[in-house]
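Since the structure comes first, as structure tokens, the remarks are kept for the end.
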Amino acid sequence: MRRTPKETAESATRITRRALMLGGAQLAFASVLGLRMRHLQVDQADEFRLLAEENRVNIRLIPPSRGRIFDRNGTIIADNEPTYRITVTREDAGDVEQVIARLGQLVELDGDDLNRALTEMKRTPPFIPVAVADRVAWEDISRVAVNAPALPGVTTEVGLSRVYPHAETFAHVAGYVGPVSERDLARYEDPPPLLRIPRFQVGKVGVESKFEEMLRGEPGTKRVEVNAVGRVMRELDRREGEPGADIQLTIDGGLQDYIKARLGPESASAVVMDLEKGDLLAIASSPSFDPNKFVRGISVPDFAGYRDNDHRPLASKTVQDAYPPGSTFKMVTALAALEAGVITPDETVWCPGHMEIGTRRFHCWKRVGHGHMNLEESLRESCDVYYYDLALKVGIERIAEMGRRLGLGVAHDIEMSAVTAGLMPDKDWKRRERGQEWRIGDSVNASIGQGFVLTSPLQLAVMTARIATGRSIEPRLVKTINGVETPTRGGADLGLSPGHLKRIHRAMYAVSNDRRGTAYRSRILAEDMRMAGKTGTAQVLNRVVRNEDVPWEERDHALFVDFAPWDAPRIAVSIVVEHGGGGSAAAAPIGRDITLQALYGGTPPLDAYPAADRSRIEALQERLERERQEREAQARSRA
Amino acid sequence: MSYLEYNVKTVPSGWRKALHLNWPLVLLLTAVAGVGFLMLYSVAGGSFSPWAEPQMKRFALGLAVMFIVAMVPIWFWRSMSLVAYLGALFLLVLVEFFGTIGMGAQRWIDLGFMRLQPSELMKITLVMFLAAYYDWLPLNKTSRPLWVLLPVLIILLPTALVLTQPDLGTAILLVTGGGLLMFLAGVHWAYFGTVIAAGAGGIWLVFESRGTDWQLLKDYQFRRIDTFLDPSSDPLGAGYHITQAKIAMGSGGWTGRGFMQGTQSRLNFLPEKHTDFIFNTLAEEFGFIGGFSLLLLYVLVLVFCIVSALQNRDRFSSLLILGIGLTFFLYFAVNMSMVMGLAPVVGVPLPMVSYGGSAMLVLMVAFGLVQSAHIHRPR
């Protein structure tokens with residue numbers, strides 16, 4: 001349609017007016033955009049810069065290497081070994097199935113591990129490496145490395161894992177580490193982030209657990225740049241951590257090793273203490289277990305094997321089990337009576353084989369009786385009636401008090417798990433715990449270490465050490481931490497009369513050196529190594545039958561304690577053989593062998609043994625030497 | 001027909017037309033596209049592939065198309081308006097049945113060498129057709145209800161089709177662009193007042209409809225509105241995009257973190273960093289100075305369009321240029337508002353900068369029309 005010039009002008013003015021209006025509005029909106037830009041980029045810049053940094057920077061922990069554990073001679077008990085893992089990264093592998101199939105031709109892959117890896121791969125982003133095989137041998141790793149071009153996405157990773165080269169020997173002392181569990185985390189109010197690292201290992205029992213924080217060390221950190229899906233783009237910087245402290249135990253590895261072999265398949269325990277500082281030279285439970293099996297979490301059948309074994313390999317019998325001490329307790333009763341002044345060492349008691357107290361008859365182990373007994377004779381021949389008599393004279397309170405002075409009934413402070421206090425009963429205790437009055441029969445039973453009295457092998461060793469020295473020796477398990485000597489505790493004089501102690505020592509000497517002594521057959525011939533000991537037989541069930549006639553678990557416990565050399569004591573030893581039968585037959589020979597081994601610091605000469613024993617001892621020594629070599633060969637192949 | 005208004009003798013002919021092009025506008029557009037190439041190169045991690053190179057080729061093609069369109073007299077294009085509109089409408093119907101599904105919506109037809117989005121085409125043809133309509137309509141009839149209803153239908157028909165795709169961003173652009181063109185053409189104030197009031201009521205109705213069986217928006221559209229109103233309510237879900245986009249912008253500061261140094265975009269925290277959110281990459285790497293410069297370039301393009309329109313005494317040309325400028329404005333205003341957290345995320349690209357073929361080519365054709373109107377203006 002044709003427009004008149006007037007119309008054209010009209011149109012132009014209208015458009016101009018509206019265009020300017022709209023243009024103004026557009027410019028205004030553009031200014032709003034500019035202001036918004038300024039607000040975000042200038043006013044809030046610092047805030048957003050911080051958020052951007054938080055987005056991209058991720059702090060990763062570098063696990064520290066765990067402190068190692070040594071014996072007193074520097075032999076390594078717990079070490080860290082490099083472990084090799086094979087991982088597959090999905091995005092680099094392309095065809096994962098094919099790569100894994102090829103990998104399977106080179107190294108043996110565990111079906112379960114593989115299935116777990118494949119499920120994990122489906123869940124994680126494709127750039128995360130997933131472990132398909134753990135603890136791979138070095139030969140396998142090199143085979144994978146050589147074939148790397150045919151295995152896209154396959155990488156090998158090296159990490160540190162705990163290893164116990166002597167496997168069973170130190171298992172109860174050092175304990176073991178294992179993967180972090182919910183229970184480990186529950187120990188902390190605010191668990192350290194280190195524990196959240198997959199496959200991180202923490203101490204579960206023993207020294208590994210007691211010194212967990214020290215052994216663990218301080219983690220290092222590295223700051224890495226990550227993208228939106230968490231892929232690490234580069235490392236920004238890193239701060240190295242502190243490796244854990246090295247811990248040296250007072251244990252003598254050689255002696256510990258010998259004891260383990262000597263105890264053999266028995267359910268037994270042995271403690272050897274150095275009398276100078278209270279150092280525990282050996283503290284062994286038998287049978288033992290392989291701590292290496294726990295490091296990555298123990299398999300169900302392995303664990304069941306340990307759990308269902310009636311010899312209880314997992315139990316640390318030296319500290320966590322308490323047994324009636326039997327006759328090894330008689331020194332306590334005797335010392336209590338001597339110190340109380342109710343008897344003199346030379347006074348005699350008539351033993352007709354039993355004693356009537358009220359309506360009850362208490363038997364001596366020797367039914368026909370011992371006749372007249374003084375202190376030395378009663379201890380030497382382990383006459384029970386003599387001690388029944390002492391119990392009536394001195395009373396339970398003073399016996400218990402002496403027991404506690406000698407280290408019974410108290411939990412000694414050493415760095416092992418579940419250290420028991422045993423039980424040193426008195427009237428108070430019975431009233432409190434049993435709601436019953438103490439009866440005279442209880443005192444009589446206690447006087448020969450039966451009834452309520454319970455002691456751990458460690459406590460028996462401490463008791464023997466204190467009797468030997470007259471000082472309040474405290475056991476020490478840790479010699480140095482990171483090279484710094486740990487202080488010794490105790491050692492103060494117990495305030496016992498040296499004369500009384502001398503008489504006890506002489507009586508104990510007679511036990512293992514007098515023809516009539518209960519441990520005479522297990523004597524030491526070497527002149528300057530002679531020991532003073534005491535046998536004990538703790539009844540498991542109160543009945544009069546021969547041990548050979550009852551099942552294993554109903555037989556008596558065999559006990560033996562000794563110190564040596566008897567006139568200048570250097571070590572104290574305690575032995576408990578569970579259900580071993582009589583102390584003189586089952587425990588004393590073991591005690592003598594261990595004492596000699598400890599005194600000589602190695603294999604003792606044969607002429608230290610009685611002539612009758614030599615051929616047996618020689619065979620034993622040869623067998624132990626052969627076993628030791630086998631174990632060493634095994635340890636070498638493991639390392 | 002109104003081409004008789006032109007004094008044909010005064011219009012340049014042949015290659016001399018090239019001298020009468022609006023060269024500053026060409027330069028401005030090239031500068032804007034250049035910013036796009038730079039950012040596409042950066043977000044690809046310092047590489048021309050996969051985005052910068054195709055984008056440059058398309059821009060070269062676009063420039064050629066722009067020149068060709070510019071050489072053809074504007075009166076030819078005006079006579080093609082109806083055909084173009086109906087063609088675009090036909091293609092919109094076509095994508096309903098043969099379109100390729102992408103991003104949960106039917107939006108494009110695969111032509112082999114490029115993906116054609118008819119909705120992009122419609123933005124320009126609608127403006128052309130409306131300009132032609134108001135050129136044809138006698139001035140005194142502009143505000144008559146019947147003559148107002150007709151353009152409303154012209155706008156709503158393609159809008160309805162676009163909404164079913166569903167592409168809310170384009171629908172908003174079509175309605176706003178068309179409506180504002182009617183405003184420019186001189187339709188009475190009262191209509192707009194009514195529409196704004198009705199719109200407010202409509203928004204109220206939309207919110208009321210939520211959760212009922214006559215719900216007017218899709219769930220994901222409601223969620224977008226939710227997260228727009230409060231991005232922190234869903235920091236790892238849909239709000240993540242808005243939050244990360246703002247962090248990218250804000251961390252740029254005055255001068256930015258440096259070319260290819262933007263951590264938000266380089267480490268993929270920024271979503272859609274080569275398309276809708278490319279402005280955030282620019283703002284992160286070149287800071288307020290960089291972002292503001294681009295805004296300034298856009299405003300200059302707009303100002304050149306308005307000035308060119310006001311110089312032009314031909315009604316069709318004026319309306320067309322203003323309409324195209326307006327469409328261009330709506331593109332960058334909606335996109336920037338969206339990436340700066342001023343508007344919900346509706347999926348509108350940053351014109352000439354975001355990676356994408358249809359949008360750029362269509363805009364180049366549109367600026368070809370602007371150039372044609374400029375060259376062939378009555379003198």
Side-chain angles (χ1 to χ4, degrees), chain A residues 1-58 224-234 236, chain B residues 1-2 4-5 135-139 142 180 183-186 243-244 246-254 256-257 262-264 266-271 283-284 287-288 291-292 295-296 298-299 302-303 306 309-310 312-315 318-319 322 325-326 329 332-333 336-337 340-342 378:
Chain A
M1 184 186 299
R2 194 158 179 193
R3 250 178 231 125
T4 61
K6 191 183 160 219
E7 274 178 332
T8 307
E10 168 76 17
S11 156
T13 30
R14 277 213 212 167
I15 288 178
T16 304
R17 205 163 57 212
R18 294 239 164 151
L20 286 177
M21 251 187 272
L22 192 63
Q26 284 169 331
L27 285 182
F29 194 85
S31 336
V32 169
L33 290 177
L35 285 174
R36 173 68 174 175
M37 221 182 282
R38 201 194 123 88
H39 176 66
L40 287 175
Q41 298 198 276
V42 180
D43 302 344
Q44 294 186 298
D46 293 341
E47 199 178 309
F48 282 120
R49 179 66 65 94
L50 194 69
L51 287 172
E53 287 299 294
E54 276 178 16
N55 261 347
R56 88 183 171 105
V57 177
N58 211 318
V224 292
E225 186 177 83
V226 296
N227 72 1
V229 284
R231 182 202 295 267
V232 175
M233 307 305 280
R234 64 192 165 117
L236 300 171
Chain B
M1 300 294 264
S2 69
L4 290 177
E5 285 173 22
D135 183 37
W136 166 81
L137 191 70
L139 279 180
T142 308
L180 287 175
F183 172 80
L184 285 170
T243 310
Q244 294 301 338
K246 279 162 79 177
I247 291 176
M249 286 222 57
S251 65
W254 266 108
R257 312 199 68 168
T263 58
Q264 285 289 102
R266 201 164 49 77
L267 300 172
N268 286 332
F269 288 104
L270 196 60
E284 184 185 24
F288 177 73
F292 195 77
L295 182 64
L296 220 56
Y298 280 139
V299 169
L302 187 64
V303 167
I306 293 173
L310 294 185
N312 203 319
R313 281 164 51 242
D314 177 44
R315 186 168 166 80
S318 287
L319 285 175
L322 284 172
L326 186 64
F329 167 80
F332 76 77
M336 284 189 180
S337 308
M340 289 195 282
L342 287 174

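Sequence lines set the chain letters: A, B, ... in the order given, protein chains first and strands last, and positions in each chain run from 1.
Among the candidates B:Val299, B:Leu295, B:Leu180, the residue making the largest number of heavy-atom pairs closer than 4.5 Å to chain A is B:Leu295. Counting heavy-atom pairs closer than 4.5 Å to chain B, the top residue among A:Met21, A:Glu225, A:Glu10, A:Arg17 is A:Glu225. Chain B forms more heavy-atom pairs under 4.5 Å with one residue of A:Ile15, A:Leu27, A:Asp43 than with any other, namely A:Ile15. The choice from A:Glu47, A:Arg38, A:His39 that makes the most heavy-atom pairs within less than 4.5 Å of chain B is A:Arg38. Contact tally against chain B (heavy-atom pairs below 4.5 Å) for A:Thr16, A:Val42, A:Leu20, A:Val226: the top residue is A:Val42.
Across B:Arg315 and A:Ser11, no two heavy atoms sit closer than the pair NH1-OG, 3.1 Å. Closest non-hydrogen pair, A:Ala19 versus B:Leu310, comes out as CB-CD2, 3.9 Å. Listed here is the closest heavy atom pair of A:Gly34 and B:Phe288: O-CE1, 3.8 Å. Residue B:Gly253 comes nearest to A:Ala45 through the heavy atom pair CA-CB, 3.9 Å, listed as atom of the first residue, atom of the second, then distance.
Within the 4.5 Å cutoff, side-chain heavy atoms of A:Arg49 are placed close to those of B:Arg257. Within the 4.5 Å cutoff, no side-chain heavy atoms of B:Leu267 are placed close to those of A:Asn55. Looking only at side-chain heavy atoms (C-beta outward), B:Met249 and A:Phe48 stay at 4.5 Å or farther from each other.
Interatomic distance, B:Leu302 CG to A:Gln26 CD, rounded to the nearest 0.5 Å: 4.5 Å. Rounded to the nearest 0.5 Å, atoms CD1 (B:Ile247) and CG (A:Leu40) are 11.0 Å apart. Residue A:Leu51 holds its CG atom at 9.5 Å from OG1 of B:Thr243, rounded to the nearest 0.5 Å. Separating the CE atom in B:Met340 from the CG atom in A:Leu33 is a distance of 4.5 Å, to the nearest 0.5 Å. Rounded to the nearest 0.5 angstrom, B:Met336 CE and A:Met37 CE are separated by 5.0 Å.
Under a cut-off of 6.0 angstrom, the local environment of CZ in A:Arg18 is crowded, with over 12 non-hydrogen atoms contributed by other residues, nucleotides or ligands.
If you measure heavy-atom distances from A:Glu53 to chain B, the contacts under 4.5 Å come from the side chain alone. Contacts between B:Leu326 and chain A at a heavy-atom distance below 4.5 Å involve backbone atoms as well as side-chain atoms. With a 4.5 angstrom heavy-atom cutoff, B:Phe329 touches chain A only via side-chain atoms.
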(message) Would B:Thr263 and A:Arg56 count as a side chain to side chain donor-acceptor pair (under 3.5 Å) here? Give the steps.
(response) CA-CA 7 Å; B:Thr263 58; A:Arg56 88 183 171 105; 4.7 Å; no
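A donor-acceptor contact shorter than 3.5 Å is absent between the side chain of A:Arg36 and the backbone of B:Leu342. Side chain of A:Gln41 to backbone of B:Ala283: a donor-acceptor contact under 3.5 angstrom is found.
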